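Quick note on labels: first sequence line is chain A, next is B, and so on, each numbered from 1. Only a predicted model underlies this, so the values are computations on that prediction, with no experimental measurement involved.
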2 protein chains.
Amino acid sequence: MKYYSISEAAAQFNIPESTLRYYEKKGLLPLIERDGAGRRLFSEDQMALLGTVICLKNTNMPISGIRQYIDWVIEGDSTIALRLEMMQNHKQAVMAEISLMTESLEGIDYKISRYTERIQDY
Amino acid sequence: MKYYSISEAAAQFNIPESTLRYYEKKGLLPLIERDGAGRRLFSEDQMALLGTVICLKNTNMPISGIRQYIDWVIEGDSTIALRLEMMQNHKQAVMAEISLMTESLEGIDYKISRYTERIQDY
DNA sequence: ATACGACTTAAACCATGGTTTAAGTCAACA
DNA sequence: TGTTGACTTAAACCATGGTTTAAGTCGTAT
């Protein structure tokens, strides 16, 4: 089973190493192993979990929420219903945010069209 | 010409009065008049400008960026090209963010479908 | 006349999400 | 053998975007 160093993991996901250390400290990356010298070893499973963390981060889930999700993952199959409910709720929140941004984008487009008209005069 | 009190403005846009005071301090709401008692009076024009500020805020433009935009509005027609360029750039940024969220939403949907399958077993 | 509610200010406070720093350890290569 | 580069830690630091507090001023209804 392949393991990744912190620099490899950071490169894979294009985020700073410091952020990975911060996430581990916050409990978003639990059970990371260490080599003999104390260096982090990311397993394939943990890379996949990191992918999920980043997916949730990309959709603006707060650290505390991601932490709760990860705690449930670790707790095991008994939390599947909770995780499902969380993801369903989060999906609604994300769709609402996308809607708000999409609506607001119309306001921006309107500005662009007005400025495009007016710019002729200058 | 109708004027709005801070509480009316806050109610119109559904944001706290404290946020309006904060925005004014940050230069996002310039030239707000006061009545004899020192209370803010929002004109129709300023309500419209506030709408724009909130539109930019909804699309995650930082305060500093909104401030620059407002400064250009005040400066007058000579800044129309700059404002147009800013809005065009911002539109690209917003579309990129919507894309990222939309993509990440697929990851969330995948989680939902997997959990929905597995939940049968519990 | 007075008490209430809405408003004012400046300054302190807070949460969030990292980033940076300082001091040190270790492996591998010249 | 020594020095370089990648890594470690804890703690300090930072930016952003507000919110809250304290103390005070008005206008109006009782």
Over-ring placement of B/K25 relative to B/Y23, 6.0 Å and 45° cut-offs: no
By salt bridge (Lys or Arg N to Asp or Glu O under 4.0 Å), which residues pair with A/K91, not counting sequence neighbours? B/D109
Residue pair A/K57/B/L41 against DNA chain C: nearer the 5' end by closest nucleotide is B/L41
Who pairs with B/E24 by salt bridge (Lys or Arg N to Asp or Glu O under 4.0 Å), at least two apart in sequence or on another chain? B/R34, B/R40
B/E8-B/Y3 side chain donor-acceptor pair, cut-off 3.5 Å: no
N/O contacts under 3.5 Å, protein versus nucleotides 9-14 of chain D?
residue	atom	partner	partner atom	Å
D/dT9	OP1	A/R34	NH1	2.8
D/dT9	OP2	A/R40	NH1	3.1
D/dT9	OP2	A/R40	NH2	2.6

Decide whether A/Y115 and B/E85 meet the rule of one side-chain donor and one side-chain acceptor closer than 3.5 Å. no
N/O (side chain, B/T19) to phosphate O (OP1/OP2, D/dT19) under 4.0 Å: yes
To the nearest angstrom, how far is B/I15 atom CD1 from D/dG18 atom C1'? 11 Å
Separation of B/I6 atom CD1 from D/dC26 atom C1', in whole Å? 16 Å
How long is the straight-line distance from NZ of A/K111 back to CD of B/Q88, given to the nearest 0.5 Å? 14.5 Å
Which nucleotide sits closest to the side chain of B/S18: D/dC7, C/dT20, D/dT19? D/dT19
Output all residues satisfying side-chain hydrogen bond (donor to acceptor under 3.5 Å, both in side chains) with A/N89, sequence neighbours left out; order by chain, then residue number. none
Whole-Å distance separating the CG atom of B/N58 from the P atom of D/dG17: 13 Å
Partners of B/D35 by salt bridge (Lys or Arg N to Asp or Glu O under 4.0 Å), sequence neighbours excluded? B/R39
At under 4.0 Å between heavy atoms, which parts of nucleotides 22-30 of chain C does protein reach? Answer with one letter per nucleotide, 5' to 3': B base, S sugar-phosphate only, - none. ----SS---
Can you check the B/I32 CD1 to C/dC7 P distance for me, whole Å? 14 Å
C/dC7, OP1 or OP2 - any side-chain N/O from B/S5 closer than 4.0 Å? yes
Can you measure A/R67 atom CZ to C/dA15 atom P for me and round it to whole angstrom units? 18 Å
Could you go through the side chain to side chain contact (heavy atoms under 4.5 Å, CB included) check for B/E33 and B/F42 one step at a time? CA-CA 7 Å; B/E33 297 173 57; B/F42 291 77; over 6 Å; no
In one Ile/Leu/Val/Met/Phe/Trp/Tyr side-chain cluster, 4.5 Å: A/L56, A/M95: yes
With respect to the side chain of B/S7, which nucleotide from C/dC7, D/dT19, C/dG18 is positioned closest? C/dC7
Nearest whole angstrom, please: distance from the P of C/dG18 to the CG of A/L29. 12 Å
Output the rounded distance in Å from CG (B/N60) to C1' (D/dG17). 12 Å
Phosphate oxygens OP1/OP2 of C/dG17: is one of them under 4.0 Å from a side-chain N or O of A/Y23? no
Side chain of B/Y22 only, please: which of D/dT19, C/dA6, C/dT19 is the nearest? D/dT19
From CD1 of A/I66 across to C1' of C/dG17 the rounded distance in Å is 11 Å
